[in-house]
There are 2 protein chains.
Amino acid sequence: MKPQHALILGAAVMASFAFGHAVAKQEARVPVVRIAELEIDPAQLGAYTAAVKEEMETSVRVEPGVLAIYSVAEKEHPHRLRFFEIYADETAYRAHLASPHFQKYVVTTKAMIRARKLIETVPVQLSAKGK
Amino acid sequence: MKPQHALILGAAVMASFAFGHAVAKQEARVPVVRIAELEIDPAQLGAYTAAVKEEMETSVRVEPGVLAIYSVAEKEHPHRLRFFEIYADETAYRAHLASPHFQKYVVTTKAMIRARKLIETVPVQLSAKGK
């Protein structure tokens with residue numbers, strides 16, 4: 001483990017955010033959490049999974065502002081995937097969308113995804129081991 | 001930061017799980033990820049938020065098997081909260097449900113929650129800083 005990475009996660013993720021207390025000069029440092037719900041073509045689930053796992057691993061490894069990307073399948077519907085993504089701030093999130101590995105993923109998986117729902121969120125509290 | 005906590009997170013969360021490869025003797029060590037979608041009575045949102053934040057903080061601090069609990073509000077519907085919870089394994093998840101702080105939270109917030117949807121999941125990949 002690289003201590004500086006653990007510290008980045010600790011500092012950014014362990015913080016607690018109350019409703020309605022964001023002020024303009026703090027907004028740039030507020031973590032961005034994005035939720036995505038994807039329905040994958042069942043016949044292409046293996047290929048999709050391989051592509052997204054590579055993209056997730058690369059993003060967390062090479063992008064300092066990508067704190068975590070979690071992907072799970074609904075137990076009752078294995079082709080319905082849910083993503084929970086934590087970025088250090090809005091700038092980090094935009095940098096991720098523009099990254100070559102994310103753009104490659106978009107092109108590779110375009111025909112594998114049947115439906116996509118993106119949910120913008122406001123963090124309430126992000127509590128994780130590593131404090 | 002306590003190094004052992006970071007190591008626990010690193011070891012358990014950074015692992016990668018492929019579809020259909022779970023075998024009986026490995027299941028006990030597979031992280032459990034639970035997603036919850038809650039609709040809170042808007043008039044009681046402040047009280048609910050205070051209660052759940054305390055419960056989350058306590059759980060991650062005192063329970064070795066509670067790796068992370070994240071709570072976010074939908075930007076368009078602030079009274080709709082989404083939780084993404086990572087436990088070390090099924091035993092840790094059951095211990096959390098039986099813990100005094102969780103039971104206190106259940107009683108305290110019962111009348112504040114209008115609707116609750118729990119989604120069981122199978123981890124695809126859990127990538128987080130701290131490797």
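Within every chain, numbering begins at 1; the chains are lettered A, B, ... in the order of the sequence lines, protein sequences first and strands thereafter.
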Is there a side-chain hydrogen bond (donor to acceptor under 3.5 Å, both in side chains) between A:His101 and A:Glu55? Walk through the geometry before answering.
CA-CA 6 Å; A:His101 45 275; A:Glu55 185 272 328; 5.3 Å; no

Taking all heavy atoms of B:Leu97 and all of B:Gln103, pick out the closest pair and write down the distance.
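In terms of heavy atoms, the two residues are closest at O-NE2, 2.7 Å.
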
For residues 32-39 of chain B, give me every residue with a non-hydrogen atom less than 4.5 Å from any non-hydrogen atom of chain A.
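Contacts with chain A: B:Val33, B:Ile35, B:Glu37.
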
Do the side chains of B:Lys53 and B:Glu57 get close enough for a salt bridge, i.e. N-O under 4.0 angstrom?
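Here B:Lys53 does not pair with B:Glu57 in a salt bridge, since their nearest N and O are not under 4.0 Å apart.
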
State whether A:Arg82 and A:Glu74 are salt-bridged, where the test is any N-O pair (Lys NZ or Arg NE/NH1/NH2 against Asp/Glu carboxylate O) under 4.0 Å.
yes

Please examine the side chains of A:Val52 and A:Thr109, heavy atoms only from C-beta on, and report whether any two atoms are closer than 4.5 Å.
no

Is A:Ser99 reaching over with its side chain to a backbone N or O of A:Phe102, donor-acceptor style, under 3.5 angstrom?
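Flag set: sc A:Ser99 to bb A:Phe102 pair under 3.5 Å.
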
In terms of heavy-atom proximity below 4.5 Å to chain B, should A:Glu85 be classed as side chain, backbone, both, or neither?
neither

